[in-house]
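Reminder, nothing fancy here: chain letters follow the sequence lines and each chain counts from 1. All values below come from the heavy atoms of this structure, side chains included, with hydrogens, waters and symmetry mates left out.
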There are 2 protein chains.
Amino acid sequence: MGRWEPDAKGRLERAALELYAERGFDDTTVAEIAERAGVTERTFFRHFADKREVLFRGDELALLVVDALKSTPADLSPLDAVALALESTASFFDDRRPHSKKRQSVIDANPALRERELIKLASMAESVAHALRDRGVSDPAAGLSAEAGIAVFKVAFERWLDDRAERSIAVHIREALAELKSVTS
Amino acid sequence: MGRWEPDAKGRLERAALELYAERGFDDTTVAEIAERAGVTERTFFRHFADKREVLFRGDELALLVVDALKSTPADLSPLDAVALALESTASFFDDRRPHSKKRQSVIDANPALRERELIKLASMAESVAHALRDRGVSDPAAGLSAEAGIAVFKVAFERWLDDRAERSIAVHIREALAELKSVTS
DNA sequence: GTCTATAGGGCGATAGAC
DNA sequence: GTCTATCGCCCTATAGAC
């Protein structure tokens, strides 16, 4: 066993989510998060670029999606491929429903956190567009398929959170995709 | 004539854009913007919630779009109605091409500003979705049409900025819409 | 690990318009 | 008198610099 308790990063993430939920994002200081996690303020900023980032696991989801996109059948349309890649991340969500709900209610309660969430989705859209171009999809189809795919994901995620039946997010992605197709035809 | 020069808000907007372009967003202080505009720092914060907001005219665009959506033929599909409403804002953009380009290069150079831009678009999507529901469009079609419409707008705006031929943004909106329809069919 | 500049909020004062 | 725009000063926490 080392000089310090292990998993400082995870402790900071948990402490932050708890405090943001208890007293609100604005009324929580980094010092309080660090204290609850048993580290110094400086350590917080070594793990996370800013106070918001502690709720977002960097590029983890975007990397998952791009990676899944690569293993997707080449004969699928770009949009179908994106939707399938998104579906393949289902367990990332389905395994953490309660955590996701708590996290989302914290995010929804604060404009600054909503901004950060949106830029994560936008940068995921960019990564997906890039991956589609690598697949041979040309512009503007690549950009539009990526944006449309993210729109599908947004709607699906929201419905997944509210789903009393707790069906997999994959189901909601499929439904939202079908709905998008009907709306654009 | 009053005690102060008129249009403090406009002077602050112009001073901010100039300074952000000259030395970058991070290296510009609110004190410098205020000084150039001939007001105090405190006045800046009475007009704008934060240092980013000075580049975004509140809800102006969203209000234009929602308003235009109301005057749109009732027999159009939700997505076509949104696209038409977006087209009707063309002069808002076409009349300010140089300003838009300068502003956009400042925004693109800074992640914090990109975040703010995204939340403006997202809240425009929400307003549009709401307006569609008022028109009788049910969920999830309303949400998806709104998101898809905003995706069309994003792509169109980008292409409008890069268009050497300087065609109206309305042309780019029509093209992007057609492309989206082809990609989802 | 320590130091510091700056964002941004609170509150009261001032002075013109009406 | 009220309303509104501006200023001044004080404060704390963030986040970057050293």
Side-chain angles (χ1 to χ4, degrees), chain A residues 2-5 8-9 11-58 106-107 109-120, chain B residues 1-58 106-107 109-120:
Chain A
R3 207 141 47 115
W4 298 283
E5 290 296 312
K9 187 167 181 172
R11 290 204 315 279
L12 283 164
E13 285 172 344
R14 286 186 291 277
L17 181 59
E18 283 167 23
L19 284 164
Y20 294 168
E22 281 169 26
R23 59 223 289 166
F25 177 77
D26 288 332
D27 293 334
T28 302
T29 69
V30 172
E32 289 166 336
I33 299 167
E35 191 192 5
R36 187 172 292 199
V39 298
T40 68
E41 217 172 319
R42 186 70 178 78
T43 301
F44 179 96
F45 285 109
R46 272 195 295 109
H47 286 288
F48 306 102
D50 59 50
K51 196 182 156 186
R52 282 175 268 171
E53 194 61 23
V54 68
L55 291 183
F56 301 87
R57 308 193 152 205
V106 166
I107 291 173
N110 193 282
L113 292 171
R114 298 210 44 219
E115 288 192 355
R116 179 56 49 87
E117 184 182 37
L118 290 169
I119 210 169
K120 292 291 175 186
Chain B
M1 172 170 133
R3 200 151 50 120
W4 300 283
E5 290 296 313
D7 194 27
K9 188 166 180 172
R11 290 201 317 277
L12 283 164
E13 285 171 345
R14 286 185 291 276
L17 180 59
E18 284 167 23
L19 285 165
Y20 293 168
E22 282 169 26
R23 60 221 293 165
F25 176 77
D26 288 332
D27 293 333
T28 302
T29 68
V30 172
E32 290 166 337
I33 299 167
E35 192 192 4
R36 186 172 292 199
V39 297
T40 68
E41 212 173 324
R42 206 63 198 79
T43 299
F44 179 95
F45 286 111
R46 209 160 313 87
H47 285 288
F48 306 102
D50 60 50
K51 198 181 154 187
R52 281 174 271 171
E53 194 62 21
V54 69
L55 292 183
F56 301 88
R57 307 193 151 206
V106 166
I107 291 173
N110 192 282
L113 291 171
R114 297 210 44 221
E115 288 192 355
R116 178 56 49 87
E117 184 182 37
L118 289 169
I119 210 168
K120 293 291 175 186

Give the C-alpha distance, both sets of side-chain angles, the deciding distance and a yes or no for side-chain contact (heavy atoms from CB on, under 4.5 Å) between Asp7(B) and Arg14(B). CA-CA 11 Å; Asp7(B) 194 27; Arg14(B) 286 185 291 276; 3.5 Å; yes
Derivation of the side-chain contact (heavy atoms from CB on, under 4.5 Å) call for Arg57(B) and Lys120(B): CA-CA 10 Å; Arg57(B) 307 193 151 206; Lys120(B) 293 291 175 186; over 6 Å; no
Does the side-chain contact (heavy atoms from CB on, under 4.5 Å) test come out yes or no for Glu115(A) and Leu118(B), once each step is laid out? CA-CA 7 Å; Glu115(A) 288 192 355; Leu118(B) 289 169; over 6 Å; no
Any chance you could lay out the side-chain contact (heavy atoms from CB on, under 4.5 Å) test for Leu55(B) and Arg116(B), step after step, and finish with the verdict? CA-CA 9 Å; Leu55(B) 292 183; Arg116(B) 178 56 49 87; over 6 Å; no
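Remark: Arg52(A) does not engage Glu117(A) in a salt bridge, criterion side-chain N to carboxylate O under 4.0 Å.
In this entry the distance linking CZ of Phe44(A) with P of dT2(C) reads 19 Å, nearest Å. Summarising the geometry, the separation between CZ on Arg116(B) and C1' on dG8(C) is reported as 13 Å, rounded to the nearest angstrom. The distance from atom OH of Tyr20(A) to atom P of dA13(D) is 14 Å, rounded to the nearest whole Å. Atom P of nucleotide dA17(D) and atom CZ of Arg46(A) are separated by 17 Å, given to the nearest angstrom. Regarding Phe45(B), its CZ atom lies at a distance of 12 Å from the P atom of dT6(C), rounded to whole Å. When the C1' atom of dT6(D) is taken as reference, atom CZ of Arg11(B) falls 11 Å away, rounded to whole Å. Rounded to an integer number of Å, the gap from CG of Asp50(B) to C1' of dA13(D) is 16 Å. The CZ-P distance, from Arg23(B) to dT6(C), rounds to 11 Å in whole Å.
Listed by residue number, the members of residues 25-36 of chain A with any heavy atom below 4.0 angstrom from DNA chain C form an empty set.
Evaluation of atom-type donor-acceptor distances gives no pair under 3.5 Å for the side chain of Arg42(A) against the base of dG16(D).
Not one side-chain nitrogen or oxygen of His47(B) sits closer than 4.0 Å to the OP1 or OP2 atom of dA5(D).
Tyr20(A) has its side chain out of reach of Asn110(A): every pair of non-hydrogen atoms, C-beta onward, lies at least 4.5 Å apart.
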